[in-house]
Amino acid sequence: MRVQANLMIGATLVAVVLGTAALSLVWTPHEATRIAVALKFQPPSWAHPLGTDQLGRDVVSQLMLGARTSMTIALVAVLLGGGIGTALGLLAAAVGGWVDEVVMRLADFSFAFPALLFAIMLAAVFGPSLANAVIAIAFINVPVFARVARAAAAQVWTRGYVLAAQSAGRGRLAITRDHVIPNVLAPVTVQLTIEFAVAILAEAALSYLGLGAQPPTPSWGRMLSEAQTLLYLAPQLAIWPGLCIMVAVMGFNLLGDGVRDLSDPMLRRTR
Amino acid sequence: MILLILRRLLGFALTLLAVSAAVFFVMNVLPGDPAIVILGIEATEDARAALRAQLGLNDPAIWRYLAWLGGAVQGDFGVSYSFKVPVAELIAERLPMTLALAGLATVMTVALALALGVYAASHHGRAGDWAVMAFSQLGIAVPAFWLSMLLVILFAVTLRWLPPGGFPGWDDPLAALRALIMPATALALVQTAVLARVTRSAMLEVMRQTYVRTATATGLGPARVMWRHALPNALVPIVTIIGMQVANLVTGTIVIENVFYLPGLGRLVFQAISNRDLIVVQAMVTLFAAIVVSANFIVDLAYLWIDPRLRPRS
Amino acid sequence: MLAMRELSVGFAGGLALRRATLSVARGERLGVAGESGSGKTMLGLACLGMLPEVAVVTGSVRFDGGELVGAAERDLRRLRGQRIAMVFQEPLSALNPLRRVGELIAEPLRLHRGLSRAAALDRACALLSEVGLPDPASRLRQYPHEMSGGQRQRVTIALALACDPDLLIADEPTTALDVQVAAHILALLRALSESRRMALILISHDLRAIAAVTDRLAVLYGGDIIEEGPTADVLAAPRHPYTQGLIAARPTLSARRDRNAPLPTIPGTVPALAHLPPGCRFAGRCPVELPVCRSTRPAGNPACHRGGP
């Protein structure tokens, strides 16, 4: 029963966020970045359901574009880091020996650099930019996926049918393609969903600190950093972007939990 | 036993070395010419040449790294380009603030998370368990800096109980504590969400074990059974997560100091970035990464302390 | 001393124990025999008031005149360890792996008897020697994982004996042990019961273990006590078809048995909690079944519509 609830709520929230991001490509109620100082700090109305900010920009339109930024960054960063990490994990499991050792040591070691530290280094050297944020978030995903993929792949490599295929002269690449990858897909997918949530949080934090999305790109994190200077004047501006982050992160977390429960037959049977 | 600890210590030292080398590579080799980074492309070639000579940039990279490392182990991280004072001095000035914030947040996290996790596990499947799980799911999804703003809106803007930010210094400990209470709470609540969840599931696992029944059957009270018999056996996964959370704590502190305008290391890093003060940034990033690595090292040792089965036979 | 009357333990899936009536006198040794799923563990837990919270319990368990069913946790705690003690199966996981053996045994002594740390450790040392562990003083400083299975089971028995209980319940105390070690543990339990005038309930699927230790035997099947009597009598002349099957299915080392004949077994398995028949729970597996067996629960001793041979 609970499995279903996780999955349903998670999938619904994710669909709403992704749908909003997609919709913002073709339509927003107003032009999100149009400044109209005369209309600043408007209360909610039919024209501006959540009012306007200190420069008279429509809050709903900005939030919609923020969803797009957040989803794009998370998607690119997680796919990039996840792809490299999974490839390294598969390699480590397929070759074994010192390659395995080196890949896993590197994975251990890169845990010393949380995304923010990496972004700080890049920002100091290259100046802050959204691209740096993507690289930093992708970077922290590499060791995570390397471990997940290696653990799942190493299990497959010990199975009878793989040993049989090996003794029949099949190459490591062919075995990886035919037997290992299909078995690694499930845990990697679960991890993708969960890391998506982590990436949304990381992008928000980096943009909030000025190390991510740069003006005028709308972003939930950046909206919050602008709202922070106005907490006494217009506290409502600090509410909405945070709620959006929360809903998006919770959606992907619940979806990840649900997919994991679903893909783990052992767990499903005991519930 | 001693041999095992020595071996762990060696691994720890090697990791620290690798971390410092990686930071040095990203910040000194990747950008090509640090002099351009520091002075910007508008500076004259003469000025750049002078800076290169001053920073010793004309030496080969490996030599510069070794020189930097040699200084660093003696506590000399070079002289800040923008502040014109030794980096070590800058760090020493701001360290107490950051340590206090991180320490307070950690104490709150561990106390709250263990209480909630044990409570949820002992009320498994009932309303209390459900509430803790819902809180946890919520807390995991909330960014600490947003939670900070909500706290400011409530306690500073609306109720006017606490200052919205800034730090009055250590002369008045009560005022210092008042300035730290919101930042520490924001950090702690977010971390508690994760740790309480892990504590709960580890406890549920342990409570199925026969020795917990044995303890109950010898007439021990439920509190004693939970805290003295079950919880110690659940500590290995809990401590693992605490170790991993130190990384979040480091980044969390950096973020939160910027939310509350607290003059700690987190603020220093951002001042250094906007001043393009590579020397400071390099020292700080190395320091933060070293803290994360140290936490993992301490967790490794903690396993030995917790579980006699992991100790080598003497 | 312990009197169980019409005790039923129900779960969402059905009754794990159905109107069980049993009693144990001071110093008496009672065996409870049954396959896994027969409700014998629930019977043991009920004597300590340690049934799972989700269980629905009706009937009565009285110990020294005091009612245990529905008793306050605080009162039950005063009995546990001090008056009634229990040894669980799985000696390998019955001891907290993070505590030294001495501390484990000393803990209830310090808590219940208010002994000082040193005095409690002295007593623990004496207990270890009583349960037959050589070199008890140095054992105190060992961790459970540094001992063998049989040694650990001796420690759990010492722990159970710590506060001199009047009744010891041993739930499958010899599973996971070698045959020889198991025999030693059983002999120890019997000797302790005799020397301490301590009542013993031995719960086991192993009739030989029960025969070696106990005076009286109750046979459990699917939550029903189907036969009860002096151990020697029941084993010599079982009256319930299930007991007869159980005894026939016991492998013997007798040379007279035809080596080529298949081992006798009782066909089928104990019915699952959710699929218990309304009548006799042995119906369906019983070789001498009557039509009435399916519909009506038999009463009496043996609990059989045929009323025994």
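So you know, we letter chains A, B, ... as the sequences are listed, proteins then strands, and number each from 1. Worth knowing before you read on, the calculation uses all heavy atoms, side chains too, and leaves out hydrogens, waters and symmetry mates.
C:Arg80 places none of its side-chain heavy atoms less than 4.5 Å from the side chain of B:Leu220. C:Asn96 places a side-chain heavy atom less than 4.5 Å from the side chain of B:Asn233. Two residues are said to be in side-chain contact when any heavy atoms from C-beta on lie closer than 4.5 Å; B:Arg309 and C:Glu146 fail this criterion.
When all heavy atoms of B:Pro308 and C:Pro97 are compared, the pair lying nearest together is CG-O, 3.4 Å. Between C:Ala94 and B:Thr214 the shortest heavy-atom distance is O-OG1, 2.8 Å. The two residues C:Arg77 and B:Gly221 have their closest heavy-atom pair at CD-CA, 3.3 Å. Nearest heavy-atom pair across C:Gln89 and B:Thr210 is O-CG2, 3.9 Å.
Note: C:Glu107 leads C:Arg74, C:Gln82, C:Glu107, C:Arg99 in heavy-atom pairs under 4.5 Å with chain B. Considering only heavy-atom pairs separated by less than 4.5 Å from chain B, the leading option among C:Gly49, C:Gly81, C:Pro165, C:Ser93 is C:Ser93.
Interface residue C:Leu98: backbone and side-chain heavy atoms are both found under 4.5 Å from chain B. Only the side chain of C:Leu104 comes within less than 4.5 Å of a heavy atom in chain B; its backbone stays farther off. There is no contact between C:Leu79 and chain B, counting heavy-atom distances below 4.5 Å. At a 4.5 Å heavy-atom cutoff, the contact between B:Arg228 and chain C is made by backbone and side-chain atoms alike.
Atom CZ of C:Phe88 is separated from atom CD of B:Gln209 by 13.0 Å, given to the nearest 0.5 angstrom. Remark: C:Leu76 CG to B:Thr216 OG1 distance equals 11.5 Å, nearest 0.5 Å.
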